[in-house]
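To start, the structure under review is shown below, and the notes come after it.
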Amino acid sequence: MELIKRPRRLRSNTALRKMVRETRVDKSSLIYPIFIAEGENIKEEIPSMPGQYRYSADRMDEKLLELEQAGVSGIMFFGIPKSKDDMGSGAYAVDGVVQQAIRRAKLQFPRLYLIADLCMCEYTSHGHCGILCGENVDNDKTLEYLAKIAVSQAYAGADMIAPSDMMDGRVAAIRAALDEHGFTNLPIMSYSVKYASCFYGPFRDAADSAPAFGDRKTYQMDYHNRREALKEAVLDVQEGADLVMVKPAMAYADIIREVRQAVDVPVAAYSVSGEYAMIKAAAAAGYMDEEKAVIEAAVCAYRAGADLYISYYAAELARYMEEGKLG
């Protein structure tokens with residue numbers, strides 16, 4: 001046959017395949033989510049997330065050291081307080097669990113980049129992401145509290161604030177509060193496109209943050225919607241978001257791609273707890289190769305357009321990158 005176009009020519013050997021690879025990744029793009037429990041000498045494995053733990057601030061050093069040595073510099077903090085109330089006061093307390101952890105990490109690991117997740121669900125007695133009016137989350141009242149939390153996290157030493165509540169107008173409120181307190185250079189990574197997803201199940205176990213009643217569908221997005229994702233991302237950029245996020249990652253590569261094309265700021269993708277748990281369970285059952293599944297899922301997110309990748313497999317991915325398995 002006289003074929004002029006033969007795409008297989010560029011697949012003929014390993015060196016050539018790597019040379020023409022379209023998607024290339026770097027360890028500096030990885031972010032690891034860590035769960036910090038209030039108390040001392042705590043390291044508890046999360047039942048639905050084998051290999052992942054809740055750490056007290058005095059025990060988190062072992063994980064942070066592992067991540068630093070692996071080349072993972074981005075750490076996102078989630079807090080698990082001992083006590084909760086209707087107003088989520090532990091989230092903005094000067095001595096809150098995340099605030100304490102960030103202060104310690106700043107001293108012990110000055111080269112790490114510390115990102116504070118900003119949400120109220122782990123801190124409220126009702127498990128919703130804001131202030132309630134009856135059984136509904138009061139959007140505008142919640143903004144006041146989100147701003148207080150952001151300022152508290154900033155004073156604790158956070159390098160970036162990442163609001164995950166999905167309230168309308170929260171980026172503008174947080175930006176204004178940070179600027180008012182002199183944190184004009186502190187960036188905001190907004191969970192701009194956060195779908196109401198079943199893939200968050202293990203996280204709610206890990207963070208003890210399941211809602212006491214109802215669900216979060218009045219503020220997290222309907223996963224049937226695509227155009228709404230672009231609206232949310234563009235609005236957040238207009239309000240002052242320096243980075244935007246799509247969550248979950250694995251089943252939402254189409255959304256990552258469209259958001260990447262719609263905004264001119266970096267885009268993060270969060271490979272959530274359910275994605276981690278699925279891979280772990282399938283690998284434990286012998287249904288697929290864990291390493292290959294982790295790599296493929298990550299490359300999919302990067303290929304779709306993610307600049308940053310938030311993953312419970314961050315340390316492993318850093319090692320795979322070192323070994324040249326991701327490109």
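Note that these values count all heavy atoms, side chains included, but never hydrogens, waters or copies made by symmetry.
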Just by distance, do the side chain of [X] and the backbone of [Y] share a donor-acceptor pair under 3.5 Å?
X: E38; Y: P81; answer: no
X: Q99; Y: A91; answer: yes
X: Y195; Y: N225; answer: yes
X: D236; Y: A241; answer: no
X: E275; Y: A249; answer: yes
X: R103; Y: A156; answer: no

Check this for me, if you would: do [X] and [Y] make a salt bridge, where the nitrogen-to-carboxylate-oxygen distance has to be below 4.0 angstrom?
X: D159; Y: K106; answer: yes
X: R175; Y: D242; answer: yes
X: D307; Y: R260; answer: yes
X: E232; Y: K194; answer: no

Between R170 and T142, do the side chains contain a donor N or O and an acceptor N or O under 3.5 Å apart?
no

Side chains of [X] and [Y]: closer than 4.5 Å at any heavy-atom pair?
X: V137; Y: T218; result: no
X: R59; Y: Y53; result: no
X: V97; Y: I80; result: no
X: I310; Y: P33; result: yes
X: V98; Y: Y123; result: yes
X: D86; Y: T124; result: no
X: Y200; Y: P248; result: yes

Taking atom [atom1] as the centre, does [X] end up with more than 12 heavy-atom neighbours from other residues, nucleotides or ligands that are less than 6.0 angstrom away?
X: E22; atom1: CD; result: no
X: E322; atom1: CD; result: no
X: E296; atom1: CD; result: no
X: Y223; atom1: OH; result: no
X: F199; atom1: CZ; result: no
X: E323; atom1: CD; result: yes

Holding to side chain to side chain donor-acceptor pair (under 3.5 Å), I want the full list of residues that pass it with D264, two or more places apart in sequence or in another chain.
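In terms of side chain to side chain donor-acceptor pair (under 3.5 Å), with neighbours along the sequence ignored, D264 is linked to no residue.
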
D138: what forms a side chain to side chain donor-acceptor pair (under 3.5 Å) with it, not counting sequence neighbours?
none

Within this structure, what is the [atom1]-[atom2] distance for the pair [X] and [Y], rounded to the nearest 0.5 Å?
X: S273; Y: I46; atom1: OG; atom2: CD1; value: 9.0 Å
X: I31; Y: I115; atom1: CD1; atom2: CD1; value: 4.0 Å
X: L230; Y: Q261; atom1: CG; atom2: CD; value: 9.0 Å
X: Y219; Y: N136; atom1: OH; atom2: CG; value: 10.5 Å
X: L326; Y: K27; atom1: CG; atom2: NZ; value: 12.0 Å
X: D222; Y: S197; atom1: CG; atom2: OG; value: 11.5 Å

What pair of heavy atoms forms the shortest contact from [X] to [Y], and how long is it?
X: L317; Y: A298; value: CD2-CB, 3.7 Å
X: S152; Y: A93; value: OG-O, 3.5 Å
X: A101; Y: M60; value: O-CE, 3.1 Å
X: S164; Y: C119; value: OG-CB, 3.1 Å
X: V193; Y: A233; value: CG2-CB, 4.3 Å
X: E40; Y: S56; value: C-OG, 3.6 Å

Step by step, work out the side chain to side chain contact (heavy atoms under 4.5 Å, CB included) result for L178 and I188.
CA-CA 10 Å; L178 291 174; I188 296 171; 4.2 Å; yes

Stepwise, does the side chain to side chain contact (heavy atoms under 4.5 Å, CB included) test hold for V244 with V237?
CA-CA 8 Å; V244 298; V237 172; 3.9 Å; yes

Might you work through the side chain to side chain contact (heavy atoms under 4.5 Å, CB included) test for L67 and L30, ending with a clear yes or no?
CA-CA 10 Å; L67 291 161; L30 295 169; over 6 Å; no

E45, E316, E290 screened by salt bridge (charged side-chain N to carboxylate O under 4.0 Å, His left out) with K280, the one that passes:
E290

Among D95, D58, D61, which residue satisfies the salt bridge (charged side-chain N to carboxylate O under 4.0 Å, His left out) criterion with R104?
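Single pass found, and it is D61.
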
Aromatic ring pairing Y32/Y312, orientation class (parallel under 30°, perpendicular over 60°, tilted between):
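Aromatic pair Y32/Y312 classed perpendicular.
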
Between Y155 and H181, how do the two ring planes meet: parallel, tilted or perpendicular, split at 30° and 60°?
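Taking H181 first and then Y155, their aromatic rings stand perpendicular (interplane angle over 60°).
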
Tell me, with the steps shown, if D165 and M120 meet side chain to side chain contact (heavy atoms under 4.5 Å, CB included).
CA-CA 7 Å; D165 54 281; M120 300 181 70; over 6 Å; no

Could you go step by step and tell me if K231 and E228 meet the salt bridge (charged side-chain N to carboxylate O under 4.0 Å, His left out) rule?
CA-CA 5 Å; K231 176 175 69 176; E228 185 181 22; 5.1 Å; no

Is there a continuous path of hydrophobic side-chain contacts, each under 4.5 Å between heavy atoms, that joins M166 to L235?
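No, M166 and L235 fall in different hydrophobic clusters.
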
Are I36 and I42 connected into the same hydrophobic cluster when the rule is that any two of I, L, V, M, F, W, Y join if their side-chain heavy atoms are below 4.5 Å apart?
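The answer is no; the residues belong to distinct hydrophobic clusters.
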
With K247 as the cation and Y191 as the aromatic partner, state whether NZ or CZ is under 6.0 Å from the six-membered ring centre and within 45° of the axis.
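No cation-pi geometry.
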
Can you tell me which residue among K292, E291, M250 is in a side chain to side chain contact (heavy atoms under 4.5 Å, CB included) with I279?
M250

